[in-house]
Amino acid sequence: TVTYTKVASLLCRVNKVDKALLLVKEMKENGVVPNMFTYTMLIDTFCKVGLIEQARKWFDEMIAGRCFPDVVTYTTFLHGYLKMGKISEANDLFEHMVAADCAPNVVTYTVLIDGHCKAGDVQTATQIYSRMREKELFPNVEIYFQKIKSYGIEPNVFTYCALIDGLCKAKKHEEAHKLWKAMLEAGCKPNDIAYNALIDGLCKAGQVGEAQNVFLKMSEDGHTPDVYTYSSLIDGLLKENNLDTAFNVLSNMVHNGCTPNVVTYTEIVDGLCKAGKTEEAYKLFTTMQEKGCPPDVITYTAMMDGLGKEGKIDQAIELLELMAKKSCAPDSLTYTVLINHCCRVGKLSEAQKLLQ
RNA sequence: GACGGAGAAAUAGGG
């Protein structure tokens, strides 16, 4: 069972899900019984590719086979529902878990906090966090704390990160900052991701200078800024029109051995367009592929928007054709951008064609 | 019988 599960897990990790499924079938045919690890791995895999119904089948099969899900299985499945924004299904599953006398752990609560944040309900997320630590009651979140005897479920760095990020994205920067301090007071050491979340939050709050201070402190603390760190800073600088500093950060980044990726390049393409430097943006757009970093749908859309704003609709539409050639699928935002620009300059028949 | 071996969570870009 261990061997089959390990191999199937590796196959899933390299996106060979079909091969993994064949292996599980073979395993069963040979009389080897899948266990919790096998099922949890399968549920996780299907959740991550968005096939939650398939995940449900494995979940039901495991219970039918009297292999009862443990906290990892439930948490994996909860994560799947929450990532798809299916809060009420997640709540039902949570009830199932409670009924099975399976106690949630810090990962379960972190998943719930992250899920509620991403569903736009930071208040509930904050209440879950508070309720983990204190006896204070919050009627909305009591469903997550049934049969819980101890109130001392210690949040860890994942928990803090999830909530700090959620608070920042909800523009509750004060509260995010307080939580950062609470994390330090609780003796929880920030890791790279925590610093990155804070830096990004500060950038988005328009406090890029403060973000740069945190950047320095991060390095002093022995953490290495990565592509997320640099990309957050670069985007923050570009959005406040500080192109020179943004390019300085970019060259520091490269100098420190951190390779810009498609996100970094897209930020710069977009920043240049928004600064009216569409020519330069286009140059970068064409050179990025030479550097082994092909543009994706977001890069294309940013570039098209830049061209459209200059009234270069034909060039923008050429890019749409180029996308097709590179088999990069446009999304609804790509079309929205193009159609808007066509309408703006009165090319209604072009717009009509795009709409079809 | 013990121990060990496989499964879950958080951060950056486009109107």
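To find a chain, count down the sequence lines: A is the first, B the second, and so on, and within it residues start at 1. These figures come from a predicted structure and were not determined experimentally.
- Using a 4.0 Å heavy-atom cutoff across all strands shown, A:Thr38 reaches no nucleic acid atom at all.
- Across all strands, A:Ser232 comes closer than 4.0 Å only to sugar-phosphate atoms, never to a base (heavy-atom distances).
- Counting non-hydrogen atoms under 4.0 angstrom, A:Asp44 reaches the backbone sugars and phosphates but no base.
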Side chains of residues 182-193 of chain A: which donor-acceptor partners sit under 3.5 Å, not counting sequence neighbours?
from	atom 1	to	atom 2	distance (Å)
A:Asn191	OD1	A:Ile193	N	3.1
A:Asn191	OD1	A:Ala194	N	2.9
A:Asp192	OD1	A:His223	ND1	2.6

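- In this structure, A:Asn105 reaches the bases: a heavy-atom distance under 4.0 Å links it to at least one base atom across the strands shown.
- For A:Arg131 and A:Phe138, the positive end is not near the middle of the six-membered ring at less than 6.0 Å and at most 45° from its axis.
- With respect to the salt-bridge test (charged N to carboxylate O, under 4.0 angstrom), the residues A:Asp314 and A:Lys347 qualify.
- Looking at A:Lys312 and A:Glu279, a side-chain N of the basic residue comes within less than 4.0 Å of a carboxylate O on the acidic one, giving a salt bridge.
- Nucleic acid contact class of A:Thr3 (heavy atoms, under 4.0 Å, all strands): none.
- Within the nucleic acid shown, A:Asp192 has no heavy atom closer than 4.0 Å to any nucleic acid atom.
- The residue A:Val337 sits close only to the backbone: its heavy atoms come under 4.0 Å of sugar-phosphate atoms, none of a base.
- Salt bridge present: A:Lys309 and A:Asp305 bring a charged side-chain N and a carboxylate O closer than 4.0 Å.
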ask   = When you look at A:Phe59 and A:Tyr74, which way does the ring-ring contact (aromatic ring centres under 6.0 Å, His included) test go after all the steps?
value = CA-CA 9 Å; A:Phe59 184 79; A:Tyr74 279 111; 5.8 Å; yes

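- Between A:Phe94 and A:Tyr109, the ring planes lie tilted relative to each other; the angle falls in the 30° to 60° range.
- A:Val7 comes within contact range of no nucleotide atom at all, as no heavy-atom separation falls under 4.0 Å.
- The residue A:Thr108 sits apart from the nucleic acid: no heavy atom pair falls under 4.0 Å.
- Once you apply a 4.0 Å limit to the heavy atoms of chain A, the touched nucleotides of RNA chain B run 5' to 3' over B:G5 to B:G15.
- At a threshold of 4.0 angstrom between heavy atoms, the contacts of A:Lys204 are confined to the sugar-phosphate backbone, with no base atom among them.
- A:Val111 comes within 4.0 angstrom of the backbone, heavy atoms only, and of no base.
- Using a 4.0 Å heavy-atom cutoff across all strands shown, A:Val269 reaches no nucleic acid atom at all.
- The residue A:Met36 sits close to a base: some heavy atom pair falls under 4.0 Å.
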